[in-house]
Amino acid sequence: TAPVALRVSVVVAAAWFVTWATADVMMALMGVPTLPSGPAGLSLFFALLVVMMLAMMLPAALPMIVAFRSLTRMEGGQPVRPADNIAMALFLIPYFLVWGGFAVAALLSLVGLGLVDPMTGAMSGPLPYIPAATLLLAGAWQVTRTKEVCLTHCQSPMGFVMHYWRSGRFGAFRMGMRHAAYCIGCCWLFMIVLF
């Protein structure tokens with residue numbers, strides 16, 4: 001597990017560096033009066049969101065990554081083959097695609113509802129209490145049964161694997177999608193709070 005942890009640490013450090021180095025680009029995107037348009041602008045915006053999520057969420061996903069990679073080596077309860085790095089990648093890709101997609105959808109929804117000015121985060125309209133209400137709702141969400149169930153699946157890699165193991169590379173992708181959904185179930189309101 002040490003080599004995997006080291007690689008994840010390098011990726012996280014690189015993601016934090018890219019996030020820091022592109023802060024001016026992100027601020028420029030956030031300062032424009034309309035959403036980024038065209039394939040290049042939207043791709044850049046999405047890529048920067050995914051890199052920021054890598055920096056923030058990959059450390060929390062490390063136990064699941066290590067557990068999944070170890071299990072790809074097993075057959076009949078014994079580590080008899082090399083780890084399947086492609087399956088591991090197929091497990092991880094949905095995690096960040098789902099989070100990136102959620103971030104874009106949440107931002108577009110807030111703009112579409114007229115709750116924030118496009119990309120600036122400034123409140124618009126007669127609804128100045130929405131940020132406070134969202135923060136209170138996010139706090140209340142922390143004590144709900146749904147949040148507890150989602151968090152259990154995120155915090156217990158072996159429990160998640162025991163419930164949702166799927167063989168093969170397509171199975172790895174499906175497991176990644178399910179794990180991402182549980183992670184969003186834990187933190188979706190905090191993401192809205194950030195916006």
Side-chain angles (χ1 to χ4, degrees), residues 1-22 39-40 42-108 145-192 194:
T1 61
V4 174
L6 180 62
R7 284 185 225 143
V8 169
S9 298
V10 168
V11 170
V12 169
W16 275 110
F17 176 77
V18 170
T19 300
W20 172 76
T22 59
L42 289 174
S43 296
L44 177 62
F45 181 71
F46 182 74
L48 290 175
L49 279 174
V50 170
V51 168
M52 283 189 277
M53 287 179 202
L54 277 169
M56 292 184 282
M57 294 177 212
L58 197 55
L62 181 60
M64 187 68 218
I65 295 166
V66 170
F68 184 83
R69 187 172 190 279
S70 297
L71 289 170
T72 64
R73 301 180 61 222
M74 304 294 229
E75 187 172 311
Q78 298 294 321
V80 295
R81 60 180 174 237
D84 188 346
N85 291 325
I86 294 172
M88 189 177 79
L90 288 171
F91 176 80
L92 288 174
I93 288 169
Y95 187 81
F96 297 104
L97 288 177
V98 167
W99 268 103
F102 174 78
V104 170
L107 182 60
L108 292 175
R145 176 75 179 131
T146 305
K147 158 71 182 206
E148 183 181 331
V149 168
C150 292
L151 189 59
T152 299
H153 288 294
C154 284
Q155 286 183 330
S156 174
M158 292 313 293
F160 177 82
V161 167
M162 289 173 63
H163 281 95
Y164 301 111
W165 179 261
R166 301 288 181 265
S167 297
R169 292 179 174 164
F170 182 69
F173 185 83
R174 286 179 54 202
M175 287 176 62
M177 292 295 284
R178 184 177 293 266
H179 191 257
Y182 280 121
C183 290
I184 284 181
C186 290
C187 305
W188 68 279
L189 272 167
F190 284 131
M191 180 70 79
I192 301 294
L194 290 175

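Quick caveat: nothing in here was measured; it's all calculated off a predicted structure.
Residues that satisfy the side chain to side chain donor-acceptor pair (under 3.5 Å) test with Arg69, not counting sequence neighbours, are Asn85.
With contacts defined as side-chain heavy-atom distances shorter than 4.5 Å, the pair Met158/Leu71 qualifies. Residues Val161 and Met64 form a side-chain contact, since some pair of their non-hydrogen atoms from C-beta on lies under 4.5 Å apart. With contacts defined as side-chain heavy-atom distances shorter than 4.5 Å, the pair Lys147/Cys186 qualifies.
Residues Ala172 and Ala87 approach most closely at CB-O, 3.4 Å, considering heavy atoms. In terms of heavy atoms, Ala180 sits closest to Pro94 at CB-O, 4.0 Å.
Ring planes of Trp20 and Phe17: tilted class, angle from 30 to 60°.
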*side-chain contact (heavy atoms from CB on, under 4.5 Å) between Met175 and Leu90: does it pass, once the steps are laid out?*
CA-CA 9 Å; Met175 287 176 62; Leu90 288 171; over 6 Å; no
*asked:* Working note: Phe91 + Thr72, criterion side-chain contact (heavy atoms from CB on, under 4.5 Å); need CA distance, chi angles, decisive distance, verdict.
replied: CA-CA 11 Å; Phe91 176 80; Thr72 64; over 6 Å; no
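Here salt bridge (charged side-chain N to carboxylate O under 4.0 Å, His left out) pairs that include residues 158-187, with residues two or more places apart or in two chains, are Asp84-Arg169.
To the nearest 0.5 Å, atom CZ of residue Phe102 and atom CG of residue Leu97 are 15.0 Å apart. Interatomic distance, CD1 of Ile65 versus OG of Ser70, reported as 11.5 Å (0.5 Å rounding).
Heavy-atom neighbours of Tyr164 OH from other residues, nucleotides or ligands within 6.0 Å: above the threshold of 12.
Annotation: Phe68 is not in aromatic contact with His179 [ring centroid separation under 6.0 Å not met].
With hydrogens and angles ignored, the 3.5 Å screen pairs a side-chain donor or acceptor of Arg81 with a backbone N or O of Met74.
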